[in-house]
Each structure stands twice: as structure tokens, then as C-alpha cells.
Visitor: 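One structure is given below, represented as C-alpha cells, and several questions about it will come after.
The sequence lines fix the lettering, A, B, ..., with proteins before strands; numbering per chain opens at 1.
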Protein chains: 2
Amino acid sequence: MTVRIKDIAREANVSPTTVSNVIHGNTKKVSPATLERIEAILHKRQYIPSMGARMLAGNSSHLIGVLIGSKRRQERGIDRDPFTSILLETLETEIFRQGYYMLFHISDRPEENWALAATWNIEGLITIGLSPEENEGIREKCGIPLVTVDVYYDIPGMANIGLKDEEGGYLMAQFLFDQGHTDFLFLADNDTGVDHMRWEGIVTFLKEQGSSEGALRERHLLIPSDIDGRQAYYQKKLPLFLEKQALFFASDYYAAEAVQYLRQNNIRIPEQISIAGFDDNVYASMCSPPLTTIRQNVPQKAAAAVRKLAALIRGETGIQLEERFPVELIIRDSVALRR
Amino acid sequence: MTVRIKDIAREANVSPTTVSNVIHGNTKKVSPATLERIEAILHKRQYIPSMGARMLAGNSSHLIGVLIGSKRRQERGIDRDPFTSILLETLETEIFRQGYYMLFHISDRPEENWALAATWNIEGLITIGLSPEENEGIREKCGIPLVTVDVYYDIPGMANIGLKDEEGGYLMAQFLFDQGHTDFLFLADNDTGVDHMRWEGIVTFLKEQGSSEGALRERHLLIPSDIDGRQAYYQKKLPLFLEKQALFFASDYYAAEAVQYLRQNNIRIPEQISIAGFDDNVYASMCSPPLTTIRQNVPQKAAAAVRKLAALIRGETGIQLEERFPVELIIRDSVALRR
DNA sequence: ATGAAAGCGCTAACAA
DNA sequence: TTGTTAGCGCTTTCAT
């Protein structure tokens, strides 16, 4: 078996309590001599705590749960999204740095999520890709700090890390306008959450330009969330695209996919149709031509989510619940100056 | 507080032991009447076990650790690889299905990894992106079942899930040959592990065609593992590339990146240079032109890794330690028939 | 078929 | 400054 506090105590001729105090840095209660002695033995014997016992006794698990919803992502065919990859890695790195461990679960079943939290005595939760309702349900059931990512909602008291999506929409609308694309279309597979806010940014800009409500609505295209549906949709809309000459997609993934489709149909990008994306992920840089897009810093969001959660767990007061990071316009080659 | 076994026992007028037996399906020791009664109460009260107590008492944590190394991936700039994303998601799904929970950690420090395993009483480990030595160290220290992914090594008794990399190399070599590209080059950023085996497959084919050792060596190009280095390298090698007319990259990522680079230099793909990749991930399909590549089924590998680990944990005998899944040649548009 | 009791390793309240 | 003690919730002999 591994070495326990009891073993260390015996070897140091002290009580388990003292050893425990040393381990937890309650150093004011321990004389320098014993402190040093115990630390030496701890190190020599390579003491490793048993989280099982810690959880039982102290009621603190040092576990942070990362919950991600899968349904919508799979539907959209973006389950290979590099977003998740980089997000998870940054989350774990930061969680560990903060002294916690990461329990990871994918599910669309709320019961599963809160059962997990209870089973493991989880101290805080980070959720990605869950709806506001699901988040609210989990928070009520679990009663532990919860930080969401990329959610917009009205529920008071819920912490969220996000992006200035609206500003992103605004920036790109402005840029497209400056390039002469006053007629650009916006394409997204839904009109809620971040995609809605990106659209709102566009609306703000266009209204400043004197656009009417009716004209606005015609610019907003809801594309199917399955790949075959999208192909068919693009086929149907091709004449419209060629007329408007500029498409602003709510994500790089959709933008890159569209570029692919259009090129296969011998449309020249950006000469015939300009394309813009959102995210600035690997799809944007790998695309031919590379995408003009709105950059978001995913690691920054992930690290912020963990830090906010840790602060919440520590019970710090005066924490700003909502945090939205800035975005940046990245100009590459997929948008042409309209002649 | 949440409901405990003791509470259920009291309500059912039985002892905690009996409740525990019911929970674990030790049903032969329980009369049908009490069984039913207890199950009803369990359900009604929404009993959720405390893993802390379980770990302490029963010494079984139901935890599977997923360890990934980060160093090499970051160096190569493939830390946004969709591979990790899809792999992690499939791993978690399968781990949960098998009745385990997933503890996730990223690290290049072996001590950290085995401390994690000991701290959490982890029952089995899946590692990705660690060297054979690191894996061996972890296995020795932890003494628990370990399944690696995509590792080649000589250490007996280590379980691994991989791919028929050699066959992949062979298949693509054969295809390129058939298309008239008898002079194709192979490009990878190392000559160990999977990349080495892919090269070995090429070697096997070329030897069948009567190629000499010397000629073989000249086909194998080691590219820098940082992006700037690669750019400079491609610049330097451009004349060679144009002469050979066909490049087979060890991964879709590098292939797609090269396509990008070459097109920016006004090289037509595949007319002037044919490009082949390996993996068939999103880079291959998003590339313009879409890549001819070797397909691997990542979810299949992930699920197999978990199942093998679960079998090892259960102590099943006669388990095949090494499992390598087949690959498939996917023909798209990035390889032209050589005139 | 059911129960009593010991103990897993640790923490924290309380004593000394 | 240090030690004693009583659990935390569960499993597991061993009785009954």
C-alpha cells in the first residue's frame, strides 16, 4: 500500500494532526523544527494523499467538472471543431494550475450532469454548449458555482465568459461596407445565443447607415445545420449569392465549407463572391484563400472561465459575473474590393 | 445533505448491508420482497453514491485517467488538431458507457502523471502522445492497467491501440506509382513511431519495385517541426518539389499547410505538384483541392482503447495487447495523373 | 436472508 | 505547540 499520514506521523514521532497541518501549510501551529522534520519525511517517503479520504473527511474534492453538450455540435457536423480541442486543453491546464483536477463529461441529459456533480462532490462546474435552461437546471440542482461559456441569458446570478460578439458583427459589417459590399448577406444556422448577437452587431451598423427593418431581414439567411442540407441550400441560393457578391458567415467552419463548395462550382473567391468568417481558427488560415474573419482568443476565454470559477469556489465577493472579451478584425484574402 | 445508504436502510427497515447489496446487484442474498421495496425507495429518494466513501472503503474509484502529452504537439503547431477533440469526446463517451468516469490531465512530467494516478486511486490509464519511455515509467510506478494510443515499442506486456500505418504508407506509395509518380517524396517531421512505420510501408513497396537503398533515402525528407522553419524549408526545396512533382506528407495537417504555401507561390495543385496526406481528417476535406489521403477511424481507435482498458481492469485473460486498425485509401483531387 | 461491526485515510473540534 | 478522538459514507467479513 502507499504511505499514509499515519505512517509519516509514526516516523516523525508526532500525531497525524500535526502532519496534516504541515501538509496543508497550517504552519503557524507547528514549530520550525518539527515542520522541517516532517517535510523531509514527507518528501522522502513520497507521500501522496488519498482523495477518497479527503473527500469523505473534509468534504472538499478539489474536483472541477467540465460538462459539454454534444447534440447540437454533432448535428452541425462540427464535432471535430478545433475549438473544443484547444478549449479543453487550456481548461485542464488552468484547472491544474489552480490546484484542482478535471473531471470531464459529455452529455445532453441534465440528470446525468447533476448526478455526476453530486457523486463526485464536485466543487465547481464549467459548461460548454448547454442551453440556458439546462444550465439553470444544473445550477439549481447542484447548488455549486457554475461558469458557462458563450451563453446569453437573463438568469441573474449566473457567471459567464464570452465574447463581444456584437462588436464582432459590427466590425465585419463595417469592413464589408468599406470594401463596397453594401449588400452582403449574413448566414448562420440559428438565431440565438452568440449567432444572434453577431447578427445584432450587423443590425446596429446597418441601422446607422439608414437601413430599414425590412431590408435588414432579407440579409439574414438561416442555413440548414446538416451538411447535405447546406449543399442543397447553397445550390438554390447561388444566383442570389452571385448577385450580392459578399457572404458573412457566423463561423469560419461554415465559411470555409462554403468556399470549398463555391470553388467546386467554379466560382472565383473573392473575385466573384467575397467571403467572411468568424473565429479565426484553423479553418480560416487553412482556407484558400485564407479567410478575412473576426478573431477570438479561445485560450483566454478558457483560462478566464477557470479563474472565475476558482474565485467563486473560494467564495470571493464582488466578482464580476459576466465577462466578454474583445474581438479583432483579421483581414486576409477572401474579401475583395468591390469594383 | 444528500441521502445516504443509512437513510435508505432506515426507511426500508433493513440494514445498510442489505441496501448496499441491492445497489450492487448482489440480489441472490436478498428476498424479492425487500429487493423491490429497497429499489423503490432508492429510486424515490434519488440515491446518489458518494465516490469518496466508495474509494475509501472499497478501494475502487471507477476512475479512468486520460493522460496526454503536450510538448511535441505544441512544438508542431498541431495543438489545435481536430484529432484530439474527436478522440477525447469518444473516449469520454465510451468510458462513461463502461461505467467509469474520466479524469483528464495534460502533462509532460511523468511524476505528475503517476502522482495523479495514486492520488485518485485510478483504476486504469489511457495515454496519448507520450513516449515509450514515459509510458513505461508510468506503468512501473502506478502498477495499473495502461493502454497507449499510436505507440510503437518493444516493451512486452504493454497494451496499445494503433493503426496499420505501414499498410497506409504502402497503399499510398502504390497509388502514386500507379498515377505515374514514381519519383514522389515523403515528408515528415520525424522518423519514429507512426511516421516511421508509414515510411516503412513506402520502403516495402519501393523495394518490390526494385528501388535501391540509396535511392530510397533521398525520398525521405525530414521537415522542421515549427511553422516558420517549414516555410523556409519549402522555399528552399521548391525546385526539387517541382522536379519530383509529387509529395506525400505524413499527415493531412502538413499536406494542407503545404498546399496553402504552394498555391500562394502560384503553383497549381495538382497540375504542377501532386499532394497526398494521411489521416483523412477535416484538413483533408477542407483543403482546396480536397486531399487524396489515407483514412483512419479515430473514434474506432478511442472506443477500442477504452474497451481494452476495461477488460484489463476486469482482469480478463487472453487479451490481445496490440491492436492495429485497418486504413483505407481515399482518392480525391490533389493527386493528378502524371503526363 | 439479514444484520452488526470494524475500518478504509483523513480532517477538525477539542483537549492538553 | 501537539495529541486525542470522533466521525465522513461505504464495503465487507462474520454472525445470526
Visitor: When you get a sec, tell me which of dT2(D), dT11(C), dG7(C) is the closest nucleotide to the side chain of V30(A)?
Guide: dT2(D)

Visitor: If only side-chain N and O atoms of T17(A) are considered, is one of them under 4.0 Å from the OP1 or OP2 phosphate oxygen of dT2(D)?
Guide: no

Visitor: Whole Å only: how far is the CG atom of L56(A) from the P atom of dA12(C)?
Guide: 13 Å

Visitor: Rounded to the Å, how far apart are K6(B) NZ and dG3(C) P?
Guide: 16 Å

Visitor: Name the residue closer to the 5' end of DNA chain C, choosing between P32(B) and A53(A) according to the nucleotide with the nearest heavy atom.
Guide: P32(B)

Visitor: Select one nucleotide: of dC10(C), dG3(D), dT12(D), the one nearest the side-chain heavy atoms of S20(B).
Guide: dT12(D)

Visitor: Test the R4(B)-Y47(B) pair against the cation-pi criterion, namely NZ or CZ under 6.0 angstrom from the six-membered ring centroid and within 45° of the ring axis.
Guide: no

Visitor: Rounded to whole angstrom units, what separation is found between the CE atom of M55(B) and the C1' atom of dG9(D)?
Guide: 13 Å

Visitor: Would you kindly give the CE-to-P distance between M51(A) and dC8(D), to the nearest whole Å?
Guide: 20 Å

Visitor: Heavy atoms only: give me the nearest G69(B)-D108(B) pair and the separation to one decimal.
Guide: CA-OD1, 3.5 Å

Visitor: Does a side-chain heavy-atom distance below 4.5 Å link V149(A) with I126(A)?
Guide: yes

Visitor: Please check if the side chain of K308(B) supplies one atom and the backbone of Q320(B) the other of a donor-acceptor pair under 3.5 Å.
Guide: yes

Visitor: R4(A) CZ to dG7(C) P: how many Å, rounded?
Guide: 13 Å

Visitor: What is the distance, to the nearest angstrom, from the CG atom on N13(B) to the P atom on dG3(C)?
Guide: 9 Å

Visitor: Using a cut-off of strictly less than 4.0 Å, decide whether S15(A) has a side-chain nitrogen or oxygen near OP1 or OP2 of dG3(D).
Guide: yes

Visitor: OP1, OP2 of dG9(C) versus side-chain N and O of Y47(A): anything below 4.0 Å?
Guide: no

Visitor: When you measure from the side-chain N and O atoms of R54(A) to the phosphate of dT11(C), is any distance below 4.0 Å, counting only OP1 and OP2?
Guide: yes

Visitor: Can S31(A) and T34(A) be said to form a side-chain hydrogen bond (donor to acceptor under 3.5 Å, both in side chains), step by step?
Guide: CA-CA 6 Å; S31(A) 76; T34(A) 33; 2.6 Å; yes

Visitor: For the side chain of A57(A), starting at C-beta, report the closest nucleotide among dG9(D), dG9(C), dT2(D).
Guide: dG9(C)

Visitor: Below 4.0 angstrom from OP1 or OP2 of dT2(C), is there any side-chain N or O of S31(B)?
Guide: yes

Visitor: Return the value, rounded to whole Å, for the distance between atom CD of E36(B) and atom P of dA1(C).
Guide: 16 Å

Visitor: Under 4.0 Å from OP1 or OP2 of dT2(D): is there any side-chain N or O of T34(A) that close?
Guide: yes

Visitor: Provide, to the nearest angstrom, the distance between the CG atom belonging to D7(B) and the C1' atom belonging to dG9(D).
Guide: 10 Å

